[in-house]
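Everything numeric in this text was worked out from a predicted model, so none of it was measured.
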Amino acid sequence: MKKSLFVCISFLLIFFFASCEALSPERIPLDQGWDYTLSEPFGNPDDFKALEDENLLNLEKLVPDGQGIIYLKKTFTVAPGLKDMLLGCYLGRITLADETFLNGVKIGGEGRFPPHEFSAWNRVRFYQIPENLLNSGENSLVVKIWVDGEGSIVSNPFIGELSDAKKAAGREKFWASEIQLVFAFLMLVIGAYHLLLYVKCRSEKDNFAFGLINLISALYLVVFYYVEFPSFTGEHISFLWFQKIFSSGLPYLLPFLVTMYINSFLHRVDRQPVLFFRIVFAVVPVIIVLSCPSYRILRQMQPLLQGMLVPPMIYIIIILVGKVIQKAKDSVILLIGFSPLVLAVVLDFMIHTVLKFYDFPYISSVGWQLVIITLLFIMANRFANSKNEVEYLNKNLEKEVADRTKELSESNEQLSITNEALSTAKRRADRDMQLAVYVQRSFYQRSLPEFSGWDIAWHFTPMAGVSGDLYDFFYHKDVLRGVGLFDVSGHGIASGLVTMLAKTVIDRKFNEGLNLPLSKVMSEINEQIGEEKGDIENYLTGVLLRLNGDKVEYLSAGHPKAFFRAGGSGKTVPIEVNGKESGGGVIGIPMLGGDYSAIGFSMKSGDSIVLYTDCLSESRDKEGNEYGYSRIARAFSMAKGSAKNQLDFLLSDFNEFRSGVAANDDLTVIVLQKK
C-alpha cells in the first residue's frame, strides 16, 4: 500500500513539473554572458571585454570615477522555438538611461544622456524587435547606458515571444510605478482632507501632522510614478535637483512628522532638548543633500545620511513601546498601525541584502502605504466615536439635564437631613487628619548631631496636612553615611501613608546594604516598596547619596536633577559624570523601575550639593513662568557661606520669584556642604 502511494505521488510530481516546463515560454536569457566596452563600439567591434555577471548590477565599478558611458553587448542566435515569431526584448529596469541597438539599428531607449541628462531608472524597458533586423545566425544586442554613481540592469531580462515580453514588462511596470501612482493619488486626497479638518478644528493637531505625512509621502513617490506621464521628459528640470528634493530630501522630514503625529495622538509633549535633536535630525540631512554638487557625490553620501534616520526611528519605537507598557489609551492600536512598515523593512533587508534577490521589487514603500491606510482607519474610527458622542449628547441632553435636576432636588432634600451628620463626620475627619499629620511628622528628623566633615541644612514645608515628601539622613554617632530625598506621587492621606511605609523600607535597606552597590540597594528598595504597598497606585521618585570620607555615590530615580557647587569658584553644574546623569525608573512600580545606575565623584572642602523636590523647579510666577533649573543653578552659584546661608539665599530668591503666588506642592530642599 505504502509503495503504491509513493509511486502515485512521484508520478504526479513528475507530471506537474513536466507540465510546468512544457507551459513555460521559450526565452533567450539576458542576465549573463555580456561583454562591455567604454569606447564607441560600432567602429571597433573587437574592443569588448567579458563582463562578470555580478557587475551587471554595479556598472559604476567599471566606469572611471563612477561616471560616464558604458556599452554592453550580448550576442545570441534565435532559438528554434522562436523562429518565425514576433519577438520582444524585455530589459527590465536600467539605471540611469539607455539606448538599445540590435545589429547596429536602434530599437528603443529611455531617459536622456548628458549634457541634459535625466534618469528613467524606474521606467520598464520593453522594445519590440523588427523582423527584418534579425539574422538567421548570430545577432548582436548592444545597450548604451549612462552611469552616474550607479548603473545596472535588473529584473531578469530576456528576449522572447512578443506577448511573453509584454506580460513581463506589464508586471514589472505595475509594481514599479503604476501602483505607486494609485497610492500617491490616495495620499494626496487623504492629506488634503485631514488638513481641511485641521483648519476647521485647530485643536486636533494629529490631523495636521497626518495630513502633512500624506502630502510628503505622495511627493516622495514622484520618483516612482513620474514615468507614467508620457509628456514628462525632465527637459525643463535638473535631474540632480529633482533627486535632491524628491528622492533624497523628503524622507528625512517624515520621522519628524510621524513623531509629531504620535505625540498629538497620545497627548504627550517632548521636552525641549528632545525637540531640538528631532529638528536637527530632520534639517541637517536635508541641508547636506541640497549641498551635494553632483549626483555621484549624493549617492556616495547616502549610507551616512540614511544612518541619520535610525535615531528618530528608534525614538518612535521607544515612544510606542513605552506607552504600551504604561497601558496608555490607543497605544496598542497605534503600535499595530505602524507594524506593516517594520515587517516590510525587515523583509526588504532579508530579500535584497541577505538573500541578494535584486530583481525582487522593494516592498518598504508598500509597507508604508499600508501604514497610511491603517492609520486612516484608526483616525476615522476616532472621528466616528467623537461624532457619535456629540450626537448622543444632542439627542439626550435635555433628558440628562432633567435627570440631573431631579437628582439634585432629591440630594438637597437629603442634605437638610444629613447636615448634622456631615458636620460630625467633618469634625472627625479633621481630627483624624491632625492625628495623621502628627504621626507622620514624628517620623521626620527635626535635629541632627554635629557631623565630622559635613555641614547640613534643610527646609521642609508641606503644602497642607500630610506630605508626600520624604527626607532622611543615615548616620552613626557623628559619621554621616548618606542622605535620601524622595517624593511620592499624588497628595492626601494615601501619599502620606506611602511616605511612612517607604521611610521604614528605605532606612532598613540602606543600612543593610552598606557593602552592596548603591544600584542594588535602590533595586531592593523598589521591590520591597512595590510589594508592601500592593495595589496602591502611588509611586516615588528620589535621590540617594552614600558618603565615605570625601567620596560620594549618587543615584537618581526619576527625580529632578541635583546641582554641585564648587566651593572655590562657585561654578554650579548638574551632577553627572562624563556627560551622563545617574538614572533609573521610578520607585514602587517594578515594571517602571529596574536598571538603576549610580555615579561616583569626590568633594573638596567648601563644595556643596543641593537636593530638592519638584515644587522648587516647577513653581511659577504670576506670568506663568517656571522657576526652573537655570534659576536654581544661578541662585545656588551666587550663595555663599555655610549650608544654612546657601539654603536661605536660594529660598529667598525662590520666594522673590513667586511674588506671593502660593505653592501647589510640598517643598523640601537640602543643602549638603563638605567642611
Does R278 make a cation-pi contact with F256, if we ask for NZ or CZ under 6.0 Å from the ring centre and within 45° of the axis?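 Judged by the rule, R278 and F256 form a cation-pi pair.
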Face-on cation placement of K173 at F126 ring, 6.0 Å and 45° thresholds: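 No; the conditions do not both hold, so K173 does not lie above the ring face of F126.
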List for me each residue that meets side chain to side chain donor-acceptor pair (under 3.5 Å) alongside D148, sequence neighbours excluded, and say none if there are none.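 For D148, the residues satisfying side chain to side chain donor-acceptor pair (under 3.5 Å) (neighbours in sequence not counted) are Q67.
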Going by side-chain contact (heavy atoms from CB on, under 4.5 Å), name the residues that satisfy it together with N103, two or more places apart in sequence or in a different chain.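 Partners of N103 by the side-chain contact (heavy atoms from CB on, under 4.5 Å) criterion, ordered by chain and then number, come out as N135, N139, S140.
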Specify the closest pair of heavy atoms between L30 and C89, including all atoms of both residues, with the distance to one decimal.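 Nearest heavy atoms, L30 then C89: CD1-SG, 4.2 Å.
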Over all heavy atoms of both residues, which pair between L38 and P64 is shortest? Give the atoms and the distance, please.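 Closest heavy-atom pair between L38 and P64: CD1-CD, 3.8 Å.
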Charged N to carboxylate O under 4.0 angstrom, R27 versus D164?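 Between D164 and R27 there is a salt bridge, with a charged N closer than 4.0 Å to a carboxylate O.
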Going by an N to O cut-off under 4.0 Å, is there a salt bridge joining D98 and R125?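 A salt bridge links D98 with R125.
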Other residues, nucleotides, ligands: >12 heavy atoms within 6.0 Å of I107 CD1: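 Atom CD1 in I107 is crowded, with more than 12 foreign heavy atoms closer than 6.0 Å.
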Within 6.0 angstrom of M313 CE, more than 12 heavy atoms from elsewhere: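 Counting neighbours around CE of M313, 12 or fewer heavy atoms of other residues, nucleotides or ligands fall under 6.0 Å, so no.
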Show which side-chain atoms of residues 241-253 pair as donor or acceptor with protein atoms under 3.5 Å away, not counting sequence neighbours.
unit_1	atom_1	unit_2	atom_2	d
Q243	OE1	S247	OG	3.4
K244	NZ	L290	O	3.1
K244	NZ	C292	O	2.6
S248	OG	Q243	O	3.4

Enter the distance from [X]:[atom1] to [Y]:[atom2] here, rounded to the nearest 0.5 Å.
| X | Y | atom1 | atom2 | value |
| --- | --- | --- | --- | --- |
| F118 | Y226 | CZ | OH | 5.0 Å |
| K61 | N58 | NZ | CG | 4.5 Å |
| F210 | I262 | CZ | CD1 | 12.0 Å |

Do Y193 side-chain atoms and L188 backbone N/O form a donor-acceptor pair below 3.5 Å?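 No: the side chain of Y193 does not pair with the backbone of L188.
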